[in-house]
Amino acid sequence: MPQARTTPPSHATEKAARPSTAAPRPPTPRRAPRGVRLWRGLTPWLFLAVPLALLITFTYVPVANMLAYSFTDWDGVSPELTYTGTDNYVEIFTRPELFRVFFVSAYYLAASAVQIVAALYFATVLSFNIRFRNVFKGILFFPYLINGVAIGFVFLYFFQDGGTLDSVLALFGHESDRAWLGTETSANVSLAGVSVWRYMGLNFVLFLGAIQSIPGELYEAAELDGANRWHQFRYIIAPAIRPVLSLSVILSISGSLSVFEIPYIMTGGATGTETFVIQTVKLAFQFNKTGLASAAAVVLLLIILAVTWLQRRLVPDDRVDLV
């Protein structure tokens, strides 16, 4: 009897008949031991330990002590001090002469406006490709590197009678008999001018860094559209540096309220140039009223914080997307 022929199964038939196997599961990551996880969590704090210790020791602890002393009548020398409550703050707010010195800050506030405008102008000009721009950058930033005490002594001889300024004016045929530091207005204007010369470099560097971070394609596109330098500044540079400009305004306002080095070295607060900080230092070290001086320092701190908060509320930092 003939046997039936059987055909070998095809490859597709074998694949269909073969049981399907599930894909292997990825290995489950093993959890690190408890000691390793604890060490990883402590590592950032180990790097921050020394900076935090220095910050707490030399910033927050003195501020806390100053706040505590402001409620006492401590003279700064005696180991004994008496709690007086809010008497120091009442004396500050009921003595007009203690707040009259804030009018001197108006000179420095006006000088800060001039300083910001000049720094913005030079930063904009030197951001473009001009000759010797690196030399001019160094010249503008160099005054900020000089110690404030040295600047005070240099300009003390600059403004004295028969000093450098009078000698330069004499070269142009102008004989000046003005005592530049002898009257209230001329002294404050002179000191404010020194602060402009010294601090313009800081704002200049801040503005220059913000301007150089703007993509160059924006300038190229603006030039193709026929924009000149003023249009580039108005529609590209000014919106892009708005956060840095806001920061400079905050620093200028707080700095004008807490001026100390230059007027203290050059005039010692005489001829109507006494600032709030100089007055506070005199209360503490000349009249031995450390408690009252601490209260004045706390008031100044609160004023600066309030002005900063108000400025941030009025001019919020809106991120500008120029692309």
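All residue numbers in this chain count up from 1 along the given sequence. Computed from a prediction, not measured in an experiment: that's the story for all the values here.
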Whether Tyr219 and Phe128 hold their rings parallel, tilted or perpendicular, with breakpoints at 30° and 60°:
perpendicular
Would you give the length of the straight line joining atom [atom1] of [X] to atom [atom2] of [Y], rounded to the nearest 0.5 angstrom?
X      : Y      : atom1 : atom2 : result
Thr164 : Leu169 : OG1   : CG    : 11.0 Å
Tyr69  : Asp75  : OH    : CG    : 11.5 Å
Ser294 : Tyr89  : OG    : OH    : 8.0 Å
Leu140 : Phe136 : CG    : CZ    : 8.5 Å
Gln232 : Asp225 : CD    : CG    : 10.5 Å
Glu274 : Arg100 : CD    : CZ    : 11.0 Å

Backbone of [Y] reached by a side-chain donor or acceptor of [X] within 3.5 Å:
X      : Y      : value
Ser127 : Thr124 : yes
Thr59  : Ile56  : no
Gln279 : Leu98  : yes
Asn203 : Ile116 : no
Ser70  : Gly291 : no
Asn88  : Thr72  : yes
Trp45  : Ala49  : no
Ser246 : Arg242 : no
Thr275 : Val259 : yes
Asn188 : Gly272 : yes

Begin from the C-alpha positions of Phe276 and Phe102 and carry the test ring-ring contact (aromatic ring centres under 6.0 Å, His included) through to its verdict.
CA-CA 6 Å; Phe276 195 81; Phe102 274 115; 4.6 Å; yes
Who pairs with Tyr264 by ring-ring contact (aromatic ring centres under 6.0 Å, His included), at least two apart in sequence or on another chain?
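Testing Tyr264 for ring-ring contact (aromatic ring centres under 6.0 Å, His included), a comparison that skips the adjacent residues, returns Phe260.
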Looking at [X] and [Y], what are the two nearest heavy atoms and their distance?
X      : Y      : value
Asn147 : Arg198 : C-NH2, 4.3 Å
Ala296 : Ile92  : N-CD1, 3.3 Å
Gly182 : Thr271 : O-CG2, 3.7 Å

The single option from Trp180, Tyr107, Tyr108 passing side chain to side chain contact (heavy atoms under 4.5 Å, CB included) against Leu191
Tyr108
Distance alone, cut at 3.5 Å: any donor-acceptor contact between the side chains of Ser256 and Ser112?
no
Decide yes or no for Val125 and Ile130: does some side-chain heavy atom of the first lie under 4.5 Å from some side-chain heavy atom of the second?
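They are in side-chain contact.
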